[in-house]
Amino acid sequence: MRAYATILLAGYVLGWLVVGLTLRHGLDPRGAPPGADFIIFYGVSRLTLAGQAIAAYAPHALLMAERTAVPASRGVFLWCYPPTFQLMVWPLGLLRYAPALAAWTAAGLIAYLATIRSLSGDRRAWLLALAFPGLFMNASQGQTGFWITALLGGGLLLLDARPALAGVLIGLLAIKPQFAVLAPLLMILAGRPSAVLTSALTALVLAVGATAAFGVESWPRFLAAAGAAARALEAGALPLYKDPSVFAALRLFGAPTSLALAVHAAQAVLVIVLTAIAWRRPGPAELKAGLGVLATLIVLPYLFDYDLMTLAVPIAVGLKAIHGREGLVGARIGLVAMAVTPILVGPVGRWLHAPIGPAALWFGYFTLWRVLARDAAGPRKAIG
């Protein structure tokens, strides 16, 4: 494991060095700025600092801000995030683009590593956490995966030990509220009313703060932008090959939007029921947290490869659960499948027209389900 992790890390470093050396006018060989999507957050920050927070939802104004930061950029990067997230990115524009990207990545990486470190006392966990392919996908796109992993994973992992703090972390998911879709149910199933209360209060404080800072008008602007993004996804205008959901897979196969949504909703109901059953049974809280993260990913129809950074949590809890035990070949294969999924979803979907994301997520889900069932039944029950 140490050898493979070192090889992966070396590959990431080499890849970033090559991109850095081949930058022309601030763009990489694909024509994107370093950090790609980070230019959205930076442009929004510059508009907000200039007293034009509402303009973040105006495509022309945002594009002008992005091109002021990276003049050669010609991509179309739009803002469809809630005002609560705007609070988070607000200070980024105080720095120049490159230092701001470095600070954003470093802060998120620290939050992610702290979450994974809390799961294991083994020093090798650092190396494995850094070598996870999801890290490369998230960091190279300048996205929010580090933060979502820390907030969702950390919140679910702390539900038993520190429920109030867990609620605060889950409440902070108001920056990307879709990732908290199952959290209220899981907190209730865990019997943690203090977590429910603190999560609601935290989300409320963020919403009030965003409204005070950017005005009431920011909310209808956000809803309009989110609706436009949803319609673009349904129409196939967004890169569906990077979306590991059942909905996107069916659309790539040519299924009508209504059928794709219906099938996706049906499998979402199934995973919610299975997760509720698992959380009501006895078993390690860490495995339940990993199962909750996977269930959240399966439920969401709007998901991209960088969001699979959150798979670090179920992989970490799964590794810890099977460490030192024999007869778990199937579980090990499931964990490996989850580990390579973030870096394979896009290329395999684009070039081979094979959407592997849903199968990988469900395979990972049942891997943790079986490990949890084995632990609940007793140490002698084996897994193939």
Side-chain angles (χ1 to χ4, degrees), residues 8-9 12 15-16 32 34-42 77 79-82 84-85 88-89 92 100-119 126 128-157 169-170 172-183 229 238-239 242-245 248 289-290 292-317 338-347 357 360-361 364:
L8 284 170
L9 272 174
Y12 303 156
W16 281 319
D37 292 351
F38 177 77
I39 196 172
I40 307 171
F41 311 151
Y42 190 80
F77 301 95
W79 177 254
C80 56
Y81 296 95
T84 45
F85 189 32
M88 183 177 183
V89 302
L92 293 172
L101 174 59
W104 169 261
T105 304
L109 181 61
I110 291 170
Y112 158 67
L113 290 176
T115 302
I116 301 303
R117 178 67 177 81
S118 68
L119 289 170
W126 291 97
L128 295 174
L130 288 169
F132 175 46
L135 181 148
F136 176 75
M137 296 304 299
N138 179 72
S140 62
Q141 297 182 66
Q143 262 291 344
T144 58
F146 290 143
W147 296 106
I148 303 304
T149 302
L151 297 177
L152 178 60
L156 295 181
L157 288 166
L169 294 178
I170 291 169
L172 289 172
L173 282 172
I175 62 172
K176 292 187 81 169
Q178 66 269 33
F179 285 96
V181 63
L182 291 185
L238 297 177
K242 295 176 63 176
D243 185 339
S245 71
V293 170
L294 277 165
T296 299
L297 295 177
I298 291 171
V299 163
L300 296 176
Y302 184 81
L303 199 66
F304 282 113
D305 51 4
Y306 50 76
D307 294 317
L308 296 178
M309 179 72 222
T310 52
L311 287 176
V313 174
I315 292 170
V317 299
M338 281 195 287
V340 299
T341 295
I343 209 164
L344 292 181
V345 163
L361 291 178

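By convention here, the first residue in the shown sequence is residue 1.
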Taking ring-ring contact (aromatic ring centres under 6.0 Å, His included) as the definition, give me every residue that meets it alongside Phe146, ordered by chain and number, with sequence neighbours left out.
Tyr112
Rounded to the nearest 0.5 Å, how far apart are CG of Leu311 and OG1 of Thr149?
8.5 Å
Can you list everything that forms a ring-ring contact (aromatic ring centres under 6.0 Å, His included) with Phe132? Sequence neighbours excluded, please.
none
Nearest heavy-atom neighbours spanning Asp243 and Phe304
N-CD2, 4.1 Å
Would you call the rings of Trp104 and Phe41 parallel, tilted or perpendicular, taking 30° and 60° as the class edges?
tilted
Would you check if the side chain of Ser118 reaches a backbone N or O of Thr115 as a donor-acceptor pair within less than 3.5 Å?
yes
So Trp79 and Tyr81, would you call those rings parallel, tilted or perpendicular, with 30° and 60° as cut-offs?
tilted
Under 30°, 30 to 60°, or over 60°: which ring-plane class applies to Tyr12 and Trp16, parallel, tilted or perpendicular?
tilted
Classify the ring geometry between Phe38 and Tyr42 as parallel (under 30°), tilted (30 to 60°) or perpendicular (over 60°).
tilted
In sequence, state the C-alpha distance, the side-chain angles, and the governing distance for Phe179 and Leu303, and then conclude on side-chain contact (heavy atoms from CB on, under 4.5 Å).
CA-CA 10 Å; Phe179 285 96; Leu303 199 66; 4.0 Å; yes
Nearest heavy-atom neighbours spanning Leu173 and Leu151
CD2-CB, 3.8 Å
Calculate, to the nearest 0.5 Å, the distance between atoms CG and CG belonging to Leu9 and Leu130 respectively.
5.5 Å
